[in-house]
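Read through the structure below, which is laid out as structure tokens, and then see the notes.
Residue numbers start from 1 in every chain, and the chains themselves are labelled A, B, ... in the order their sequence lines are given, proteins ahead of strands.
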Amino acid sequence: MDALSDKELVRRYRQGDNSAFTQLVKQHQDRLYRLACINLYHEQDAMDVTQEVFTRACKGLKQFRFHSEPFTWLYSTLKNVCFEYNRKHSRDKEKHHDSDNLMLQIEDRSNTETTQYLIEIKELIKKLPERQYEVVILRIFEGLSINDTAMMMKCRPGTVKALLNKAQKKISVLQG
Amino acid sequence: MNSQNKDKLDNLIQQYRSISAPTDFSIKAYNSQADRTIASWFSMPSLPVTASLLTVFLIAGVVIQQNLPKQAFDGYPDMGQLSSMNISLHHTDSDKMPGLTDLGQIPDLTSIHMEIKQQPNHKPENKIQQHQETKYFIHTFS
């Protein structure tokens, strides 16, 4: 992750250079979209969630204070938006008494190969606690370094290693 | 190291990283933010805008009042005159409210009493008549 160029892009955007924002979006939209897919109950919401994140970034990055990396800010925003969407869907699920049929309808709609792999990944790591789940996604699937993962999770690198170790003990496939 | 698990994991990682955004979000983000900005103008007014409008109206009101022609206030005392004016209320004969005796309909009570007194021979024949006369007196002049 080229942190320096991200910060420079945000600086230029704050000075009125909209092309800097466009470049920032193009650099990170794939990663954010993937993270949205894996963190949402329903991956068909990933487009809406990703768009919401960048819409908030349009305004939010103008007041960015550079206490952290810009992508850390984007990732935090993504987690918040995913939480809102998941909470909304869990409420909708409670309203529908026949929740099993609802899940089947959703899976029928999103019957693509990508979705199948996402379902397989989720099935693999769904039993992990939230923090271990997050470490596995960022460190193993996204391929971020220990330091970058720690920065995004707002913890120490040692904590990242400990969480990863625990996750790998629970799921043998993750040991590679 | 389990090679089967390794292959499975590598395959999953590769498939995961091949996922890409289906559209360019930069344009959508701009349009969405612009739509929200416009929508906010037509929803609750922002405090600075409201305060500015109120200030403009207040200033405009003061300016208009100061620019009214002097003729508009003719006939009306100004504040200086009002403060020095001694307003007193006094009765003149013409201002006196008519009393009951002036109405003409109701006779003077004192004259009736004197009239009754001046009739030396008038004596109620009995107490009943006296009571009736008193009753009539009270009824008529109450």
Side-chain angles (χ1 to χ4, degrees), chain A residues 13 18-38 43-44 46-62 74 112-125 136-137 139-143 168 171-176, chain B residues 1-69 72:
Chain A
Y13 174 59
N18 289 334
S19 64
F21 179 79
T22 303
Q23 190 175 348
L24 188 72
V25 170
K26 287 182 178 176
Q27 279 184 4
H28 296 297
Q29 63 182 2
D30 290 343
R31 176 168 285 167
L32 284 176
Y33 179 74
R34 284 196 297 268
L35 288 168
C37 288
I38 205 74
E43 53 269 15
Q44 56 267 29
M47 275 191 62
D48 294 335
V49 167
T50 310
Q51 181 176 337
E52 177 64 24
V53 170
F54 286 121
T55 302
R56 294 186 187 187
C58 243
K59 191 177 178 182
L61 286 179
K62 293 222 172 196
L74 290 171
T112 62
E113 192 176 346
T114 303
T115 306
Q116 293 302 319
Y117 279 110
L118 285 171
I119 291 172
E120 195 173 339
I121 293 169
K122 285 182 185 177
E123 283 295 320
L124 182 67
I125 58 178
V136 167
I137 295 296
R139 176 76 180 104
I140 295 179
F141 284 93
E142 282 291 338
Q168 286 173 333
I171 301 173
S172 58
V173 175
L174 295 177
Q175 293 173 0
Chain B
M1 186 180 293
N2 190 334
S3 61
Q4 198 173 9
N5 283 341
K6 186 177 182 306
D7 293 337
K8 183 178 178 182
L9 182 61
D10 287 343
N11 187 37
L12 286 175
I13 292 171
Q14 189 179 359
Q15 291 298 326
Y16 174 81
R17 293 179 186 176
S18 68
I19 297 171
S20 59
T23 183
D24 184 2
F25 286 101
S26 60
I27 299 171
K28 283 177 177 272
Y30 279 128
N31 293 339
S32 182
Q33 180 60 31
D35 290 342
R36 287 185 189 183
T37 304
I38 292 170
S40 67
W41 293 347
F42 294 100
S43 59
M44 287 182 63
S46 60
L47 282 175
V49 172
T50 308
S52 303
L53 287 172
L54 283 173
T55 306
V56 168
F57 286 136
L58 283 170
I59 293 171
V62 170
V63 169
I64 289 169
Q65 190 175 9
Q66 286 177 348
N67 289 338
L68 281 173

Could you look at A:Leu35 and say if it's the side chain, the backbone, both or neither that has a heavy atom under 4.5 Å from chain B?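 Looking at A:Leu35, backbone and side chain both touch chain B.
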
Chain B heavy atoms under 4.5 Å from A:Ile140: which part of the residue, side chain, backbone, both or neither? both

With side chains defined as the heavy atoms from C-beta onward, is the minimum distance between [X] and [Y] less than 4.5 Å?
X       : Y        : answer
B:Tyr16 : A:Cys37  : no
B:Thr23 : A:Gln29  : no
B:Ile19 : A:Leu118 : yes

Which distance, rounded to the nearest 0.5 Å, do you find between the CZ of A:Phe141 and the CG of B:Leu12? 5.5 Å

Tell me, out of A:Gln23, A:Glu142, A:Glu120, who's got the most heavy-atom pairs with chain B below 4.5 Å.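 Most heavy-atom pairs within the cutoff with chain B belong to A:Glu142.
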
Closest approach of [X] to [Y] (non-hydrogen atoms, all atoms of both residues):
X       : Y       : result
B:Ala21 : A:Asp30 : N-OD1, 2.8 Å
B:Phe25 : A:Met47 : CE2-O, 3.5 Å
B:Asp24 : A:Lys26 : OD2-CE, 3.5 Å

Taking everything shown except A:Lys122 itself, do over 12 heavy atoms lie less than 6.0 Å from its NZ?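 Enclosed.
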
